[in-house]
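Residue indices begin at 1 and follow the sequence shown. Just so it is clear, the structure is predicted and the values come from calculations on it, not from any experiment. First listed ligand is number 1; within each ligand, the first listed atom is number 1.
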Amino acid sequence: MAVVGVLALQGSFNEHIAALRRLGVKGVEIRKPEQLLTINSLIIPGGESTTMAKLAEYFNLFPALREFVQMGKPVWGTCAGLIFLANKATGQKTGGQELVGGLDCTVHRNFFGSQIQSFETELAVPDLVSKEGGPETFRGVFIRAPAILDVGPEVQVLADYPVPSDKVLSSDSSVEGQKENAEEQSKVIVAVRQGNILATAFHPELTADTRWHSYFLKMGNVIGEEASSSIVPVEVTTSSKLQSQNDLPIFQ
Ligand SMILES: NC(=O)CC[C@H](N)C(=O)O
């Protein structure tokens, strides 16, 4: 029986589990290496990647996470989760942090600046729309967000975001600080897919739009045409209805 695991060391794992529940799929919290053996796909949530990496190290999760990715099982990293999955990260704290890797890209950890430079924007998402339908754009919630600066040939870009071109070259400070002088526009990448790996710099679990979750579930055939016994329907009891009302800081 397939279930979707959500790495639950730190960050927005509850919100991912709630988004899965809205699609009728059970998400299970993953904290130990052996639990990875019980799931067929995994979400690595947003949060704070340095803290999450320290916890992952403490629980000896890195070898098992790498093996999981290398086995070709679907893995989706959002925000800090994207940083985890990148082969290379810049803008890390002194001493760096361990990465799971697997996604052929370079990510800048705090590309868009600090917490107060968090923002929301409508992103064009043509590939998502072609698979999932719905509105042409997706509400991107960027919280102290990373951005992907370059990708390898195997990586499919699913969304990008315009920034001043000098910002991409010297990606040490915030977008805000450099907006004034910047006339030329460039783009950074904010959503990608490479085979079994999906990564978004923003937080779909904090919106009411479940299209990215649905897209990811189809990568693992948890829902979709091919889905069968792998679906784990969630019983909608009064208590789970109540819970889903309480556990979501959703931005409509
Ligand atoms: N919302 C997020 O996940 C932020 C990630 C953050 N930039 C980090 O380094 O971990």
Counting each atom of ligand 1 from 1 as listed, which ones have a heavy atom of Gly46 under 4.0 Å away?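 Numbered from 1, ligand 1 contributes 3 (O).
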Considering the heavy atoms of Asn110, write down every atom of ligand 1 situated less than 4.0 Å from one of them.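 Atoms satisfying the 4.0 Å criterion: 6 (C), 7 (N), 9 (O).
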Does His203 approach ligand 1 within less than 4.0 angstrom via side chain, backbone, both or neither, non-hydrogen atoms only?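 The answer is the side chain of His203.
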Of the backbone atoms (N, CA, C, O) and the side-chain heavy atoms from C-beta on, which set of Ile83 has a member under 4.0 Å from an atom of ligand 1: side chain, backbone, both, or neither?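 For Ile83, only side-chain atoms sit under 4.0 Å from ligand 1.
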Taking atom types as modelled, find out whether [X] and [Y] have a side-chain donor-acceptor pair closer than 3.5 angstrom.
X	Y	answer
Gln10	Thr51	no
Ser12	Glu15	no
Thr200	Trp76	yes

Give the residue, atom name and distance (to 0.1 Å) of the protein heavy atom nearest [atom].
atom	value
atom 2 (C) of ligand 1	Cys79 SG, 2.7 Å
atom 10 (O) of ligand 1	Ser49 N, 2.4 Å
atom 5 (C) of ligand 1	Gly47 O, 3.5 Å

Classify the ring geometry of Trp212 against Phe138: parallel below 30°, tilted from 30° to 60°, perpendicular beyond 60°.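 Geometry flag for Phe138 against Trp212: perpendicular rings.
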Quick one: sort the Phe112 and Tyr161 rings into parallel, tilted or perpendicular, breaks at 30° and 60°.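 Taking Tyr161 first and then Phe112, their aromatic rings stand perpendicular (interplane angle over 60°).
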Among Gln97, Arg109, Gln10, Met52, which one puts a heavy atom closest to atom 9 (O) of ligand 1?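 The residue whose heavy atom sits nearest atom 9 (O) of ligand 1 is Arg109.
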Has Arg31 got its NZ or CZ under 6.0 Å from the middle of the six-membered ring of Phe13, at an angle within 45 degrees of the ring axis?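 Because its charged atom sits under 6.0 Å from the ring centre and within 45° of the axis, Arg31 does stack over Phe13.
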Is the closest N or O pair between Arg144 and ligand 1 shorter than 3.5 Å?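 Yes, there is a polar N/O contact under 3.5 Å.
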Taking the six-membered ring for Trp, are Phe62 and Phe84 ring centroids under 6.0 Å apart?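 Yes, the ring centres sit under 6.0 Å apart.
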